[in-house]
Peer 1: 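I have a structure here, written as C-alpha cells, and I will follow up with some questions on it.
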Amino acid sequence: MRLLILGGTWFLGRTVAEAAIARGWQVTCFNRGRTGRDVPGAESVRGDRTVAADVARLADHGPWDAVVDTSVYEPPDVLLTAGALCGVVDQYVLVSTVSAYQRWPHEPVSEASPLWPSRPDAREADPDIAAMPVAYGYGTLKAGCEQAVVQAYGDAALILRPGVVLGPYEYVGRLPALLHRAQRGGRMLAAGEPDQPIQPVDVRDLTEFTLNMIEAGKGGAFNVTAPHRHATYGGLIDACVQAAGSGAEPVWIPSRWLMDRGVRQWTEVPLWRTPEGTWAVDSSRAQAAGLACRPLRDTVSDTWNWLQIEQPVPHERQAEHGMDPEREAELLAAWDAERTLHR
Ligand SMILES: NC(=O)c1ccc[n+]([C@@H]2O[C@H](COP(=O)([O-])OP(=O)(O)OC[C@H]3O[C@@H](n4cnc5c(N)ncnc54)[C@H](OP(=O)(O)O)[C@@H]3O)[C@@H](O)[C@H]2O)c1
C-alpha cells in the first residue's frame, strides 16, 4: 500500500505514519517542516497545503492508494488538495470530529444526527463563522470540509468523526495536564462524579481502525469513540494517580458547586464536561466495522511513559489545560469549610 498523509508529524498523523510503516506500507508525509519531527522511514515532501503550486508539486510524487488528511480546518483547503490529488489518489480519508454535529455536546449523537449547516467554501474569517463561539466555528468548518471531500471523492471519501483522542504524542494538553497534576501529589481536586462514563479513544486504536478501513477500501462516515461505559472519569483519575505514583488523593467535588465558582469545564479541569451528550456518542457503526478499544488505563500509563522521555510538540492549546495550584488550593479550602459548616 502507498499512503499519503497531509501532516504527519504531531499526534494523529504521526501515529498513522508510524503504524503504516510498521505494516510495511510506503508512507509520504506532506508538511511545511516547521514544527514536528519527521517520522523515520517516511518520505517527506515539504510544502504548504494552502498554496496551489505546492499541492500541484506534491501530486507529482504519487500515485497513492489513499490520503489521510489530519491537518485541515477550512473547506477550501480540502477542495484544493482533493482537486489536485484525485487523479493520483484512490481514496480520501478526512479526519473530522464529533464537533461537526450541531447538537453535540448537548444531546446524544449518531451518524444520523444533523451536522452544522455549512458550505464547501466556508472560511474562518467569514463574518457568520467569525461571530460564532470558537467551538461552533470549528464544527461548522469541519462540516464544510466534509461537504468538500464528498463533492470531490463521492463514495471513495471516508469521513472519521473522533471524539476526544488521547495517547502518546498528545499535544492538546488534556491527559498531560491530568498526569502532571497527579504527579504533584497531595489532595487533588476531582470534578463531578467518579462513575461518570467517558469515551475517549486511544490514538493508536483510531489509527488501526483508519488503516483497516483503508485496506478494506471502505467509505462513508463513522463516529470514532470508545463504546459507552468503556471507562469512567473516576477510572481515568485513578489511572493518572497510579501512573504518576505520587499517592495523590482525589477529592471529588460536585459539578454544580464548581460551576457556581466559575471553574472552566473541559480546559481548567480536562475532560470534565456536564452537557448530557458529551459522552453519549453512538460509535456502534465503527465498532461493527472493527474498531477495537484498549483499556483506558493502558492509554494513561503509555502516555505517562512517553512523557518521561519526550515533550509534546509545543502548541498554544497546552496553556489552556489544567488549574493553577493556588486556585485549586483555594477551592479545596472553600469546599472543606463548607462541608465543616454543614456537619
Ligand atoms: N485531539 C483530539 O482530541 C481530536 C478530536 C477530534 C478530532 N481531531 C482531529 O484530529 C486531527 C489531529 O491531527 P494532528 O494535529 O494530530 O495531525 P498531525 O498530522 O500529526 O499534525 C499536524 C500536521 O500538519 C502540518 N501542517 C500544519 N499546517 C500546515 C500547512 N499549512 N501545510 C502543510 N502542513 C501543515 C504540521 O507540520 P508543519 O507545521 O511542519 O507544517 C503537522 O505535521 C485534526 O484534524 C483534528 O481536528 C482531534
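Only a predicted model underlies this, so the values are computations on that prediction, with no experimental measurement involved. Nothing fancy with the numbering, it's 1 onward along the sequence.
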Peer 1: Go through the steps for R37 and E310 under the test salt bridge (Lys or Arg N to Asp or Glu O under 4.0 Å), then give the verdict.
Peer 2: CA-CA 12 Å; R37 291 174 295 110; E310 222 173 43; 2.7 Å; yes

Peer 1: Take L3 and R23 through the test side-chain contact (heavy atoms from CB on, under 4.5 Å) and record every step on the way to the result.
Peer 2: CA-CA 11 Å; L3 182 69; R23 286 185 183 209; over 6 Å; no

Peer 1: So, using side chain to side chain donor-acceptor pair (under 3.5 Å) as the criterion, who are the partners of R264 when residues are at least two apart?
Peer 2: T267

Peer 1: Any donor and acceptor pair, going by atom type alone, linking the side chain of Q151 with main-chain N or O of P120 inside 3.5 Å?
Peer 2: no

Peer 1: Should L79 and V93 be regarded as members of a common hydrophobic cluster, given that ILVMFWY residues are connected when their side-chain heavy atoms come within less than 4.5 Å of each other, either directly or indirectly?
Peer 2: no

Peer 1: Just so I know, are the side chains of Q102 and E107 near enough to count as touching, which here means a heavy-atom distance under 4.5 Å?
Peer 2: no

Peer 1: Applying salt bridge (Lys or Arg N to Asp or Glu O under 4.0 Å) to R57 and D54, what does each step give before you reach the verdict?
Peer 2: CA-CA 5 Å; R57 185 169 42 76; D54 289 3; 3.5 Å; yes

Peer 1: Tell me, do V164 and W279 make a side-chain contact under 4.5 Å, heavy atoms counted?
Peer 2: yes

Peer 1: So how far is it from L206 CG to L211 CG, rounded to the nearest 0.5 Å?
Peer 2: 9.5 Å

Peer 1: With side chains defined as the heavy atoms from C-beta onward, is the minimum distance between Y169 and T303 less than 4.5 Å?
Peer 2: no

Peer 1: Regarding S284 and D282, is there a side-chain donor-to-acceptor distance under 3.5 Å anywhere?
Peer 2: yes

Peer 1: With distance as the sole test, does E74 use its side chain to make a donor-acceptor pair with the main-chain N or O of E124 at under 3.5 Å?
Peer 2: yes

Peer 1: Taking transitive links into account, so neighbours of neighbours count too, which hydrophobic residues share a cluster with I129 at under 4.5 Å side-chain distance?
Peer 2: L141

Peer 1: Working to the nearest 0.5 angstrom, can you tell me the gap between Y138 OH and S96 OG?
Peer 2: 7.0 Å

Peer 1: Judged by atom type as modelled, is there a donor-acceptor pair below 3.5 Å linking the side chain of E170 to the main-chain atoms of P312?
Peer 2: no

Peer 1: Check whether the side chains of S71 and R49 place a donor and an acceptor atom closer than 3.5 Å, and report yes or no.
Peer 2: yes

Peer 1: Output a table of donor-acceptor pairs, distance under 3.5 Å, between side-chain atoms of residues 235-246 and any protein atom two or more places apart or on a different chain; print 'none' if there are none.
Peer 2:
{"from": "Q242", "atom 1": "OE1", "to": "R297", "atom 2": "NH1", "distance (Å)": "2.3"}
{"from": "S246", "atom 1": "OG", "to": "A182", "atom 2": "O", "distance (Å)": "2.4"}
{"from": "S246", "atom 1": "OG", "to": "A248", "atom 2": "N", "distance (Å)": "3.3"}

Peer 1: What residues, two or more places apart in sequence or in another chain, satisfy salt bridge (Lys or Arg N to Asp or Glu O under 4.0 Å) together with R317?
Peer 2: none

Peer 1: Less than 4.5 Å apart, any side-chain heavy atom of P227 and any of C293?
Peer 2: yes

Peer 1: Any non-hydrogen side-chain atom of D38 less than 4.5 Å from a side-chain atom of C29?
Peer 2: no

Peer 1: Going from CG on D77 to CG on D69, what distance comes out if it is rounded to the nearest 0.5 angstrom?
Peer 2: 9.0 Å

Peer 1: Counting only heavy atoms not in E193 (residues, nucleotides, ligands), do more than 12 fall under 6.0 Å from its CD?
Peer 2: no

Peer 1: Checking W266 now: which residues fulfil side chain to side chain donor-acceptor pair (under 3.5 Å) with it, not counting sequence neighbours?
Peer 2: none

Peer 1: In chain order, what residues pass the side chain to side chain donor-acceptor pair (under 3.5 Å) check against R174, with sequence neighbours excluded?
Peer 2: none

Peer 1: I'd like to know if M259 and L332 are part of one continuous hydrophobic network [Ile/Leu/Val/Met/Phe/Trp/Tyr, side-chain heavy atoms within less than 4.5 Å].
Peer 2: yes

Peer 1: Please report the shortest heavy-atom distance between W272 and T274, naming the atom on each side.
Peer 2: NE1-CG2, 3.8 Å

Peer 1: Looking at every heavy atom in both R14 and P40, which two are closest together, and how far apart are they?
Peer 2: NH2-CD, 4.4 Å

Peer 1: Compare all side-chain heavy atoms of Q183 with those of L307 and state whether any distance is below 4.5 angstrom.
Peer 2: no

Peer 1: Does A191 offer a backbone N or O that forms a donor-acceptor pair with the side chain of W252 under 3.5 Å?
Peer 2: no

Peer 1: Within the side chain of E328, is there an N or O that forms a donor-acceptor pair under 3.5 Å with the backbone of L189?
Peer 2: yes

Peer 1: Do D302 and R204 have side chains that get closer than 4.5 Å, going by heavy atoms?
Peer 2: yes

Peer 1: If you look only at pairs with a residue in residues 180-204, which of them pass as a ring-ring contact (aromatic ring centres under 6.0 Å, His included), with sequence neighbours excluded?
Peer 2: none

Peer 1: For the side chain of D205 and the backbone of R294, is there at least one donor-acceptor N/O pair under 3.5 Å apart?
Peer 2: yes

Peer 1: With sequence neighbours excluded, what pairs up with H315 under the ring-ring contact (aromatic ring centres under 6.0 Å, His included) test?
Peer 2: W10, Y171

Peer 1: Can you check whether P197's main-chain N or O pairs, donor with acceptor, with H230's side chain at less than 3.5 Å?
Peer 2: no

Peer 1: Are P105 and R273 packed together at the side-chain level, in the sense that at least one heavy-atom pair is separated by less than 4.5 angstrom?
Peer 2: yes

Peer 1: Test side-chain contact (heavy atoms from CB on, under 4.5 Å) on W304 and L175; report intermediate values, then the result.
Peer 2: CA-CA 9 Å; W304 170 259; L175 188 47; over 6 Å; no

Peer 1: For atom CG of D195, decide whether the heavy atoms of other residues, nucleotides or ligands shown that lie under 6.0 angstrom number more than 12.
Peer 2: yes

Peer 1: Linking Ile, Leu, Val, Met, Phe, Trp and Tyr by side-chain heavy atoms under 4.5 Å, what else ends up with L80?
Peer 2: V55

Peer 1: In sequence, state the C-alpha distance, the side-chain angles, and the governing distance for E268 and L258, and then conclude on side-chain contact (heavy atoms from CB on, under 4.5 Å).
Peer 2: CA-CA 11 Å; E268 198 172 11; L258 293 168; over 6 Å; no

Peer 1: Could you identify which residues cluster with M132, counting Ile, Leu, Val, Met, Phe, Trp and Tyr as linked when any side-chain heavy atoms lie under 4.5 Å apart, either directly or through a chain of such contacts?
Peer 2: W116, Y136

Peer 1: Kindly work out whether a path of hydrophobic side-chain contacts (I/L/V/M/F/W/Y, heavy atoms less than 4.5 Å apart) joins Y73 to W104.
Peer 2: yes

Peer 1: Residues sharing V67's hydrophobic cluster, by side-chain heavy-atom contacts under 4.5 Å among ILVMFWY, directly or via others?
Peer 2: L4, L6, F30, V45, L58, W64, V72, V78, L85, V88, V89, Y92, L94, V149, V150, Y153, I159

Peer 1: Under 4.0 Å between a side-chain nitrogen and a carboxylate oxygen: does that hold for E338 and R261?
Peer 2: yes

Peer 1: Can you name the residues that form a side chain to side chain donor-acceptor pair (under 3.5 Å) with S99, not counting sequence neighbours?
Peer 2: T97

Peer 1: Just do the side-chain hydrogen bond (donor to acceptor under 3.5 Å, both in side chains) check on T225 and N223 with the steps written out, would you?
Peer 2: CA-CA 6 Å; T225 68; N223 295 336; over 6 Å; no

Peer 1: I'd like to know whether D202 forms a side-chain hydrogen bond (donor to acceptor under 3.5 Å, both in side chains) with T299, so could you lay out the CA-CA distance, the side-chain angles of the two residues, the decisive distance to 0.1 Å, and finally the verdict.
Peer 2: CA-CA 6 Å; D202 187 293; T299 306; 2.7 Å; yes

Peer 1: How many angstroms lie between CH2 in W25 and CE in M1, if you round to the nearest 0.5 Å?
Peer 2: 4.5 Å

Peer 1: Heavy atoms only: give me the nearest A289-M213 pair and the separation to one decimal.
Peer 2: CB-SD, 4.1 Å

Peer 1: Quick check for you: to the nearest 0.5 Å, what is the distance between S44 atom OG and R32 atom CZ?
Peer 2: 14.0 Å

Peer 1: Can you check whether R123's main-chain N or O pairs, donor with acceptor, with D126's side chain at less than 3.5 Å?
Peer 2: yes

Peer 1: Quick one: does any side-chain atom of T15 pair with a main-chain N or O of F11 as donor and acceptor, under 3.5 Å?
Peer 2: yes

Peer 1: side-chain contact (heavy atoms from CB on, under 4.5 Å) for E43 and Q26? Distances and angles first, verdict last.
Peer 2: CA-CA 8 Å; E43 175 195 26; Q26 286 178 45; over 6 Å; no

